[in-house]
2 protein chains.
Amino acid sequence: MTLDALPPHQGGAEQLARLLAQALLAGHWQPGDVFPRELDIGKHFAVSRNQVRNALTSLTAAGLLERTAGRGTLVREMGDWHLLDPLMSEWMTGLVDLDPQLIRAIYAFRFSAEPVVAGLAAQAAQAEDIERLESAYAGMKSSAGSVEARAEHAEYDVAFHDATYRASHNLVWRQMGHLLRPSIMALIHRSQHRTGPLDDSLARHRQVLDAIRSRDASAAESAAREVLRRTAIDLGIVS
Amino acid sequence: MTLDALPPHQGGAEQLARLLAQALLAGHWQPGDVFPRELDIGKHFAVSRNQVRNALTSLTAAGLLERTAGRGTLVREMGDWHLLDPLMSEWMTGLVDLDPQLIRAIYAFRFSAEPVVAGLAAQAAQAEDIERLESAYAGMKSSAGSVEARAEHAEYDVAFHDATYRASHNLVWRQMGHLLRPSIMALIHRSQHRTGPLDDSLARHRQVLDAIRSRDASAAESAAREVLRRTAIDLGIVS
DNA sequence: CTTGTTTAAATGTCAGACATTTACTAGACT
DNA sequence: AGTCTAGTAAATGTCTGACATTTAAACAAG
């Protein structure tokens with residue numbers, strides 16, 4: 001894989017990092033491959049070696065690359081990626097050709113974890129948490145059905161689930177909310193055909209909200225499970 | 001807070017990063033405080049500005065600091081920390097005066113998550129996973145009881161739980177194994193008085209192992225819950 | 001009192017030289 | 001032939017000094 005296939009970029013090491021990271025996430029390099037040298041990257045994108053090093057530092061911190069003096073830069077395998085690094089979530093968001101294996105892994109995680117989180121939320125939610133959930137739900141409802149508001153709907157969807165994680169009032173669970181955005185955004189690109197099921201999804205979200213509001217942990221658990229069962233269908237994981 | 005209270009250091013930006021990170025984790029600075037300037041840090045520890053910048057880059061990536069040109073470096077609050085960053089786990093490990101609130105948060109997370117993980121492990125474990133679990137269990141058993149082998153015992157303990165997360169065969173859950181080390185290491189410093197309960201803990205770990213081996217998900221769940229209930233006592237969270 | 005300008009101080013960036021690590025190559029010796 | 005030993009090239013890592021940019025505060029003009 002060469003750099004030629006990548007789009008141009010403008011401004012900042014962060015942009016460059018995103019560009020390279022998304023190429024890696026899309027699998028343009030195989031694990032074990034040697035990554036282009038600093039100077040080549042700098043020449044190709046017309047940026048200083050500093051910018052390149054800053055970008056590569058981020059990718060290395062995220063577990064995408066492994067650098068050693070003398071040898072060069074190697075591409076690490078998916079199992080070494082720091083999927084919970086917020087930067088990773090940011091890079092994954094908006095990436096259309098994300099590895100299906102990765103999408104499945106994230107979904108499987110959510111399917112096992114989110115019911116528990118919803119249960120905790122039902123126990124720990126404060127008034128402000130309920131408010132966030134209601135606000136997100138209202139946004140989902142208002143943007144449901146129309147095709148042009150799909151992106152907006154996804155944002156409210158993310159907000160709803162993120163509010164659930166926050167309502168658990170646990171520092172660790174809350175960090176994991178970052179994973180929601182890429183997971184839910186992937187859903188947009190996978191299910192651009194159907195529009196009918198949205199009402200269904202909406203009703204299930206409402207049940208989660210109601211269960212948390214009434215502090216019914218087990219009801220929240222099973223309601224969250226139903227939401228995710230629906231998501232699995234939309235993602236094309238099950239039929 | 002000044003730098004004077006920190007121990008000296010030798011060699012490498014990573015050492016410096018660990019030093020500063022541990023000071024931050026121990027709460028030596030309040031959130032919102034201004035962190036010392038690059039040049040002051042460099043002068044104090046007799047390192048180049050480069051090393052300081054590399055160290056601060058790591059701390060910033062971990063969510064411990066927030067840097068903006070012109071303003072300076074600010075200390076972020078605990079809610080912004082990237083607790084799931086492997087570097088954080090490394091820094092937290094071996095830190096004696098970790099914030100009790102943090103220990104509780106991590107424990108609460110484990111208490112809610114680990115039963116689920118054990119259940120998944122019972123479904124997905126391969127032969128090599130069982131082997132890892134058995135090997136770790138054997139190590140725990142051989143190092144049980146003796147006071148001088150306490151550190152060794154903790155390592156096997158970490159290995160056992162990490163093997164559980166790995167056995168779930170989910171990329172996301174597996175990442176979370178990093179949190180185990182600081183959590184279990186904190187246990188050493190908190191329960192340096194008792195030695196008797198170790199047999200108890202050992203028996204409970206064995207039940208987890210057996211349940212996973214026999215592919216009994218619900219049994220694995222409740223066994224993991226029992227292990228963590230014991231851990232809560234040893235951590236002094238409940239009595 | 002408000003607005004605009006200057007000044008100081010902090011982080012960010014650049015460029016070049018140099019250091020260090022690594023892998024490969026060529027040769028000397030047995 | 002085989003093996004050890006320089007030696008060389010190439011990559012990342014580091015240092016240094018200067019400069020750029022951003023921010024906040026001081027200060028002056030209206």
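First the proteins, then the strands, lettered A, B, ... as listed; each starts at 1. In this text, all values refer to a predicted model and were calculated from it rather than measured experimentally.
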Checklist line | d(CG, A/Leu39; P, C/dA17) in whole Å | finding: 14 Å
Checklist line | DNA chain C: 5'-proximal contact among A/Arg71 and B/Glu38 (nearest heavy atom) | finding: B/Glu38
Item checked: Spacing between A/Glu66 atom CD and C/dT22 atom C1', to the nearest angstrom -> 14 Å
Notebook entry, point to check: Where do B/Gly79 and A/Leu171 come nearest, in terms of heavy atoms and distance?
Noted result: CA-CD2, 3.9 Å
Margin query: Take a 6.0 Å sphere around CZ of A/Arg213 and say whether it holds more than 12 heavy atoms from other residues, nucleotides or ligands.
Written below: yes
Check: Nearest-Å distance, CZ (A/Arg37) to P (C/dT22)?
Finding: 18 Å
Next item on the list: Determine whether B/His82 and A/His82 make a side-chain contact, defined as any pair of heavy atoms from C-beta on separated by less than 4.5 Å.
Entry: no
Check: Atom CG of B/Asn54 to atom P of C/dT13: distance rounded to whole Å?
Finding: 13 Å
Margin query: What is the separation between atom CG on A/Leu74 and atom C1' on C/dT21, rounded to the nearest whole Å?
Written below: 14 Å
Next item on the list: Report yes if a side-chain nitrogen or oxygen of B/Thr73 is closer than 4.0 Å to either non-bridging phosphate oxygen (OP1 or OP2) of C/dT11; otherwise report no.
Entry: yes
Notebook entry, point to check: Once you round it to whole Å, what is the distance between C1' of D/dT12 and CG of A/Leu65?
Noted result: 13 Å
Check: Can A/Tyr165 and A/Gln175 be counted as having a side-chain donor-acceptor contact under 3.5 angstrom?
Finding: no
Item checked: A/His161-A/Asp157 side chain donor-acceptor pair, cut-off 3.5 Å -> yes
Margin query: Determine whether a donor-acceptor pair (one donor, one acceptor, N or O, separation below 3.5 Å) exists between the side chain of A/Arg49 and the base of C/dG16.
Written below: no
Notebook entry, point to check: A/Arg67 CZ to C/dT20 C1': how many Å, rounded?
Noted result: 14 Å
Item checked: First of A/Thr68 and A/Asn50 reached from the 5' end of DNA chain C, by closest nucleotide -> A/Asn50
Note to self: Rounded to whole Å, how long is the line connecting atom CG of A/Asp33 with atom P of D/dA11?
What the structure shows: 16 Å
Notebook entry, point to check: Looking at A/Arg53, does any N or O in its side chain come under 4.0 Å of the phosphate oxygens OP1/OP2 on D/dG13?
Noted result: yes
Notebook entry, point to check: The side chain of B/Gln51 lies closest to which of these nucleotides: D/dT14, C/dA15, C/dT11?
Noted result: D/dT14
